[in-house]
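All remarks here apply to the structure that follows.
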Amino acid sequence: MSVQQYDEIGEAFEGFKSLPLMRCGEVPSFLGMVGDVSGKSVLDLACGTGFYSREFKRRGATDVLGVDISVEMIAAARESEQRDPLGVRYEVGDVAELRPVDRRFDIAVGVQCLNYAEDIAAMERMCRNIHRSLVPGGEFFVLAQKPDYRFDCQSLDKYGFRCEPTGEEIETGPRVQVTALLAPQPISIVTTAPRREVYEECLRATGFSEVEWVPLQVSEAGIREFGEDFWADLLANPPLEMLRCRA
């Protein structure tokens, strides 16, 4: 499911990061949680077109490898690397079937990654492969749909997105359709919002510890640009949540 829908998006995926929720919420929150990467190696899983891979390299990471299951996403990432060489490496790969990497990394990140597991066994395989790819004590940072997001809340349209249940549920949790309100053509993606205990149990079962949920924040720049009242609905029921843990 996820491969085909992302192959069809290609470079248009970069436009997601220009929308208010991403630009003022996701991106500064996630980068703030990961913190200082200078002198560290980073494995970017489900890297898409390489947005975070490039950002970590600019912020001083010594070695960055981006992996994504979508051939088109990796092609777009490599084109960006050709236009603006930073020394980021990219390869096509499925996190559930991740090949042993040639070195262990200090940090692994998974933005909208684990929530694509089709069942609990697949999520455990993902987590096990990621744990194997980290140095002892290395950190893993996750961003995904909030496990207990309330779909009956105020609309997210003004933040650039819609988040709607499909009515289907799989072993890990309910299916969700996320629509990025890009011009001239909105883009919809079907994903899953795994239950909180599914994440925690899969991570702990595969050797991770210190599992901690981290809420989404709005950047000071975002508050200056739009005002505090603009963000009230988002902060009352954020559609995204992050977590961190240690190998």
Side-chain angles (χ1 to χ4, degrees), residues 2-3 6 13-14 26-27 29-117 121-144 199-200 202-212 214 242-247:
S2 60
V3 182
Y6 278 99
F13 188 66
E14 286 283 297
E26 179 203 297
V27 173
S29 292
F30 192 69
L31 291 174
M33 177 177 66
V34 175
D36 184 11
V37 297
S38 58
K40 296 180 179 179
S41 54
V42 179
L43 177 61
D44 185 5
L45 300 159
C47 69
T49 53
F51 176 89
Y52 284 109
S53 299
R54 296 193 300 275
E55 190 61 32
F56 291 131
K57 201 70 170 71
R58 292 189 189 104
R59 290 174 177 235
T62 54
D63 180 31
V64 180
L65 172 62
V67 179
D68 198 280
I69 197 171
S70 167
V71 173
E72 292 301 321
M73 289 285 180
I74 291 297
R78 286 172 174 163
E79 286 176 13
S80 293
E81 175 66 21
Q82 287 182 339
R83 288 194 301 268
D84 179 20
L86 295 170
V88 179
R89 297 179 292 133
Y90 296 103
E91 64 180 55
V92 177
D94 181 350
V95 180
E97 308 297 336
L98 192 67
R99 71 169 182 82
V101 290
D102 51 6
R103 59 165 297 175
R104 290 192 173 191
F105 291 80
D106 301 308
I107 292 170
V109 300
V111 174
Q112 304 291 5
C113 175
L114 296 182
N115 46 309
Y116 283 104
M123 188 182 288
E124 284 195 356
R125 287 199 303 274
M126 287 180 170
C127 293
R128 189 171 295 108
N129 291 336
I130 295 164
H131 189 279
R132 183 189 64 200
S133 302
L134 286 166
V135 298
E139 292 183 284
F140 179 36
F141 299 94
V142 176
L143 183 140
Y199 282 114
E200 294 174 359
C202 287
L203 287 165
R204 292 192 174 108
T206 53
F208 285 99
S209 62
E210 300 177 34
V211 179
E212 175 191 3
V214 181
M242 308 180 295
L243 63 80
R244 62 191 303 163
C245 55
R246 193 173 295 277

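Residue numbers count from 1 along this sequence. The shown structure was predicted, so the numbers you read here are calculated from the model rather than taken from an experiment.
- Distance OG/S41 to CZ/R103: 4.0 Å, rounded to 0.5 Å.
- Contact check for Y199 versus M123: side-chain heavy atoms found under the 4.5 Å cut-off.
- By the side chain to side chain donor-acceptor pair (under 3.5 Å) test, D94 is found to be paired with no residue, residues two or more places apart in sequence or in another chain being considered.
- Two residues are said to be in side-chain contact when any heavy atoms from C-beta on lie closer than 4.5 Å; I74 and E91 fail this criterion.
- Test K40, R104, K57, R89 against D63 for salt bridge (charged side-chain N to carboxylate O under 4.0 Å, His left out) and you get one pass: R89.
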- Yes or no on side chain to side chain contact (heavy atoms under 4.5 Å, CB included) for V27 and F51, after CA distance, side-chain angles and deciding distance? CA-CA 10 Å; V27 173; F51 176 89; 3.8 Å; yes
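- Every residue two or more places apart in sequence or in another chain that forms a salt bridge (charged side-chain N to carboxylate O under 4.0 Å, His left out) with E124 is listed here: R128.
- Between the side chain of E212 and the main chain of L243, no donor-acceptor pair closer than 3.5 Å is present.
- Rounding to the nearest 0.5 Å gives a distance of 7.5 Å between CD1 of I130 and CG of L43.
- Inter-residue side-chain proximity for F56 and V109 is flagged as met; some heavy-atom pair is nearer than 4.5 Å.
- Between R54 and D84 there is no salt bridge, since no side-chain nitrogen of the basic residue lies less than 4.0 Å from a carboxylate oxygen of the acidic one.
- The shortest heavy-atom contact between I107 and V37 is CD1-CG1, 3.9 Å.
- Considering only residues two or more places apart in sequence or on other chains, S53 meets the side chain to side chain contact (heavy atoms under 4.5 Å, CB included) condition with D44, C47, V64, V88, Y90.
- E139 contributes no side-chain N or O that, together with a main-chain N or O of D106, makes up a donor-acceptor pair within less than 3.5 Å.
- Scored by the side chain to side chain contact (heavy atoms under 4.5 Å, CB included) test, V211 finds E200, L203, R204, C245 as partners (sequence neighbours excluded).
- When each of V214, L114, V111 is paired with L143, the side chain to side chain contact (heavy atoms under 4.5 Å, CB included) condition holds for V111 and for no other.
- Not one N or O on the side chain of N129 forms a donor-acceptor pair closer than 3.5 Å with the backbone of C127.
- The structure places CZ of F208 at 13.5 Å from CZ of R244, a figure rounded to the nearest 0.5 Å.
- E55 pairs by the salt bridge (charged side-chain N to carboxylate O under 4.0 Å, His left out) definition with R58, R59, not counting sequence neighbours.
- Distance check, rounded to the nearest 0.5 Å: CG of L45 to CD1 of I69 gives 12.0 Å.
- For E210, the salt bridge (charged side-chain N to carboxylate O under 4.0 Å, His left out) partners at least two apart in sequence or on another chain are R246.
- The heavy-atom pair separating D68 from A46 by the smallest distance is OD2-C, 3.2 Å.
- A pairwise comparison of heavy atoms in T206 and C202 identifies OG1-O, 2.9 Å as the closest pair.
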